[in-house]
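Working notes for the structure below.
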There are 4 protein chains.
Amino acid sequence: MAMNTRAERADQSSERRTQILAIAARLIASQGYSATTVRDIADEAGILSGSLYHHFSSKEAILEEILRSFMDGLLARFEEILAAGGSPRDTFDALVEHAFLTIEREPDAVGLYQNESAFLATQTGFEFLHEKSARIEAIWLEVIRGGQKSGAFRQSMDAGIAYRFLRDSLWSTVRWFRPGGRHTAASVSRHYLDLFHNGLLAE
Amino acid sequence: MAMNTRAERADQSSERRTQILAIAARLIASQGYSATTVRDIADEAGILSGSLYHHFSSKEAILEEILRSFMDGLLARFEEILAAGGSPRDTFDALVEHAFLTIEREPDAVGLYQNESAFLATQTGFEFLHEKSARIEAIWLEVIRGGQKSGAFRQSMDAGIAYRFLRDSLWSTVRWFRPGGRHTAASVSRHYLDLFHNGLLAE
Amino acid sequence: MAMNTRAERADQSSERRTQILAIAARLIASQGYSATTVRDIADEAGILSGSLYHHFSSKEAILEEILRSFMDGLLARFEEILAAGGSPRDTFDALVEHAFLTIEREPDAVGLYQNESAFLATQTGFEFLHEKSARIEAIWLEVIRGGQKSGAFRQSMDAGIAYRFLRDSLWSTVRWFRPGGRHTAASVSRHYLDLFHNGLLAE
Amino acid sequence: MAMNTRAERADQSSERRTQILAIAARLIASQGYSATTVRDIADEAGILSGSLYHHFSSKEAILEEILRSFMDGLLARFEEILAAGGSPRDTFDALVEHAFLTIEREPDAVGLYQNESAFLATQTGFEFLHEKSARIEAIWLEVIRGGQKSGAFRQSMDAGIAYRFLRDSLWSTVRWFRPGGRHTAASVSRHYLDLFHNGLLAE
DNA sequence: GATGAATGAGAATTCATTCAT
DNA sequence: CATGAATGAATTCTCATTCAT
């Protein structure tokens with residue numbers, strides 16, 4: 001067996017943290033932050049609740065780390081999609097597809113964000129939620145307005161309302177679209193893009 | 001000063017209950033059920049937390065009463081709309097309009113339902129959430145499928161997905177559409193009906 | 001038996017608080033603040049530790065209340081003695097006598113102050129310790145310097161050092177002079193005044 | 001690079017121990033024993049808290065070692081001064097001077113002793129505090145009574161009270177007399193000896 | 001000698017709930 | 001109806017200590 005180098009040990013440590021963060025995300029997503037106790041998390045990690053504090057400074061710090069890394073990852077990918085410079089319509093579709101991919105890959109972080117972010121955004125230490133959300137909103141608005149200018153999207157609609165409509169429709173799917181079920185990110189994407197593009201009415 | 005008759009006292013009691021339920025709904029909608037303490041509620045009602053138990057048997061009973069009366073009212077109105085026997089398209093629009101009206105009138109109950117119902121539906125004592133939700137889903141599905149049959153709605157779309165899409169889009173607006181702001185139920189209805197009907201794409 | 005008036009009830013409540021404060025003062029004086037648990041205090045009060053929080057908002061709040069009322073009472077009496085306008089020598093003796101009387105009456109508060117105040121003065125919420133102490137020091141310095149001017153006290157001594165010397169000598173007696181023992185406030189006063197006045201050397 | 005011999009390593013160990021003891025003494029003197037955590041000590045020593053246990057068997061063992069070496073050193077010097085066989089007055093002055101020298105050299109040990117010894121004396125493992133203190137008290141009493149017999153000190157005073165008075169006055173100065181400030185051990189000695197000898201009154 | 005992960009006991013505090021008055 | 005005191009269980013967090021590596 002190979003010796004443990006310092007780097008490998010650091011990795012192990014990081015693995016433990018990552019593992020605990022995943023457990024916490026799952027529990028918090030399904031029960032809510034308040035209703036999830038540190039003991040719940042520790043139990044699932046197979047350690048005593050006090051031992052969690054060897055890895056994290058507080059329950060809140062766990063929540064913050066989950067949300068921060070989720071938001072960072074999401075925003076980074078959104079920026080890449082925007083920077084790719086496709087047409088508004090193509091960029092729009094890519095954003096939607098990436099959102100469903102994110103829900104498929106990180107349903108817990110998405111669910112947790114959906115349930116807790118509105119309240120948390122007002123709490124000290126979570127100001128970053130506001131900042132990142134604002135940037136994400138700006139990206140969507142740029143795409144929507146770009147599409148209205150280019151003639152791809154209807155000019156009669158209010159971009160601000162359309163943004164909220166898209167945001168809520170998309171991310172709310174985390175409540176029922178769970179990986180491993182009947183639907184995949186790709187199939188849900190197709191259905192939702194169709195609804196977003198064309199609406200319900202025939203013709 | 002005239003003495004309170006028993007009937008008058010019962011009325012006062014009823015008013016007090018209603019008032020406390022409103023306070024509780026507001027707090028639970030904004031902070032979540034777990035994070036809202038009975039003391040929070042009692043403080044806002046101007047009484048001590050123990051005194052709440054003259055009006056309600058438990059914290060959970062308060063939550064149940066809020067949700068039950070909300071669901072009863074909503075479902076009753078939905079049944080009326082369905083029973084009115086309009087075309088699928090007209091019934092659809094009426095359901096959407098009534099949803100926004102409900103959000104305008106009872107934003108706290110709607111918000112509370114959005115945040116807590118998924119988790120609560122699995123708890124004993126809240127089985128009614130499942131029953132009522134199932135009936136509401138059936139109504140929407142009847143309207144959607146009716147519209148597909150009649151040619152009003154596109155037949156290519158999956159009714160189940162469309163239902164979830166509508167449900168989530170609609171009720172999620174409670175997060176940003178607050179009565180007294182820029183938008184009214186009527187104006188949001190118009191925007192959303194347009195998006196639902198026609199989608200985003202031009203032509 | 002007399003009916004409980006609202007005032008009497010308030011008194012009862014106040015009695016309970018006072019009783020708990022006395023228990024806390026005794027325990028903290030003998031074990032130190034950190035080493036005294038809220039359970040220690042609650043046990044002696046015959047209630048559960050959580051029930052303490054019905055009367056006080058925190059362990060620290062108990063400490064603060066003890067120290068604040070002690071300091072307020074002491075300073076008020078010192079001001080009275082100063083305001084009485086006696087000669088520096090008479091005022092000096094009266095201050096010393098009152099200090100011993102205070103130790104006799106409130107040994108726990110004095111002991112607690114001796115043990116914890118130096119550290120606490122730097123903590124937020126305990127700034128009042130600095131303020132009150134500064135005023136007490138000013139009173140002693142006024143008396144000492146007044147006595148030097150009037151010729152009652154030796155002019156060769158440093159008033160600042162003399163103040164510290166008196167303060168420490170006086171209040172440190174709380175460590176061994178406990179009411180009910182061989183000595184009374186009056187007898188210790190006499191001995192200490194003799195030592196302060198004349199020192200140890202013969203002639 | 002030369003290998004460490006066992007002796008050299010033992011020396012290093014001893015230096016490390018001494019360094020840790022100094023850190024612990026400083027922290028315990030300023031915060032109290034209960035309020036000082038082994039992590040506080042380890043942090044300042046630049047190691048992890050668990051690593052302290054390579055040097056000391058427990059937190060209490062650190063405290064004991066600090067106090068024991070302090071008491072041993074102090075008592076040894078007091079015995080020397082007594083054995084020198086000077087007059088009571090000269091011996092008295094030498095004891096006082098040495099006390100201030102000790103405060104100047106080891107303020108942390110003195111402070112720690114002042115704050116914790118009363119409580120610790122009752123704890124198992126710290127019985128030596130009683131023994132050493134008793135011997136120190138005996139030395140002072142011998143000098144005081146010797147001075148009363150020889151006519152150097154006033155016979156009217158109670159030797160027991162005078163002892164406590166001297167002890168408390170002297171050692172309490174550790175609270176304000178810190179090396180490197182306005183005063184040196186020599187200057188404070190002079191002031192205090194003057195106050196002890198002659199008191200405050202003129203003539 | 002030191003690390004890093006963990007333990008286990010106990011700390012302060014919170015909170016839904018009860019009940020005599 | 002409401003108070004005020006209390007309960008009892010649970011919660012977050014701390015901390016001295018252990019131990020394999």
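A note on names: the letters A, B, ... follow the listed sequences, proteins ahead of strands, and every chain is numbered from 1.
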Can you pull the side chain to side chain donor-acceptor pair (under 3.5 Å) pairs that have at least one residue in residues 20-36 of chain D, sequence neighbours excluded? R26(D)-E44(D), Q31(D)-T36(D)

Whole-angstrom distance between dT21(F) and dG1(E), as gauged at atom P: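 To the nearest whole Å, 22 Å.
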
When the distance from [atom1] of [X] to [atom2] of [N] is rounded to whole Å, what number comes out?
X      : N       : atom1 : atom2 : answer
I20(B) : dC1(F)  : CD1   : C1'   : 10 Å
D43(D) : dA2(E)  : CG    : P     : 14 Å
Q19(A) : dA5(E)  : CD    : P     : 12 Å
L52(D) : dC15(F) : CG    : P     : 14 Å
I28(A) : dT12(F) : CD1   : P     : 10 Å
E15(C) : dG4(F)  : CD    : P     : 16 Å
L63(B) : dA16(E) : CG    : P     : 13 Å
F56(B) : dA2(F)  : CZ    : P     : 11 Å

Closest-nucleotide ordering on DNA chain E, the 5'-leading residue of S57(C) and S51(A): S51(A)

Tell me which of H54(B) and I47(D) sits closer to the 5' end of DNA chain E, going by the nucleotide each one is nearest to. I47(D)

Calculate, to the nearest 0.5 Å, the distance between atoms CG and CD belonging to L120(D) and E127(D) respectively. 11.0 Å

If I take atom CE from residue M71(B) and atom NE2 from residue H130(B), how far apart are they, to the nearest 0.5 angstrom? 10.0 Å

Shortest non-hydrogen contact from [X] to [Y]?
X       : Y      : answer
D108(C) : A22(C) : OD2-O, 4.4 Å
S57(A)  : A61(A) : OG-CB, 3.6 Å
I62(D)  : A24(D) : CG2-CB, 3.6 Å

Report yes if at least one side-chain N or O of R16(A) is closer than 4.0 Å to OP1 or OP2 of dG4(E); otherwise report no.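 Checking R16(A) against dG4(E): no side-chain N or O falls below 4.0 Å of OP1 or OP2.
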
Taking 4.0 Å as the cut-off, does a side-chain nitrogen or oxygen of H55(B) come that near to OP1 or OP2 on dA2(F)?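 H55(B) to dA2(F) OP1/OP2: side-chain N or O found under 4.0 Å.
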
Looking at T124(C), T122(C), L129(C), which one forms a side chain to side chain contact (heavy atoms under 4.5 Å, CB included) with F126(C)?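 Of T124(C), T122(C), L129(C), side chain to side chain contact (heavy atoms under 4.5 Å, CB included) with F126(C) is met by L129(C) alone.
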
Start with the C-alpha distance between D40(D) and T37(D), add both sets of side-chain angles, then the distance that settles side-chain hydrogen bond (donor to acceptor under 3.5 Å, both in side chains), and finish with yes or no. CA-CA 5 Å; D40(D) 289 341; T37(D) 69; 3.3 Å; yes

Which is it for E65(C) and R17(C) under the side chain to side chain contact (heavy atoms under 4.5 Å, CB included) test, yes or no, and what are the steps along the way? CA-CA 10 Å; E65(C) 190 159 334; R17(C) 280 177 65 89; 2.4 Å; yes

Stems where DNA chain F pairs, listed by first number, each of three or more Watson-Crick or G-U pairs under 3.5 Å: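 Ordered by first number, the stems with DNA chain F (at least 3 consecutive pairs each) read E:2-21 with F:2-21.
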
Can you give me the N/O atom pairs linking the protein to nucleotides 9-12 of chain E at distances under 3.5 Å, or say none if there are none?
residue	atom	partner	partner atom	Å
dA12(E)	OP1	V38(C)	N	3.2
dA12(E)	OP1	K59(C)	NZ	3.2
dA12(E)	OP2	V38(C)	N	3.0

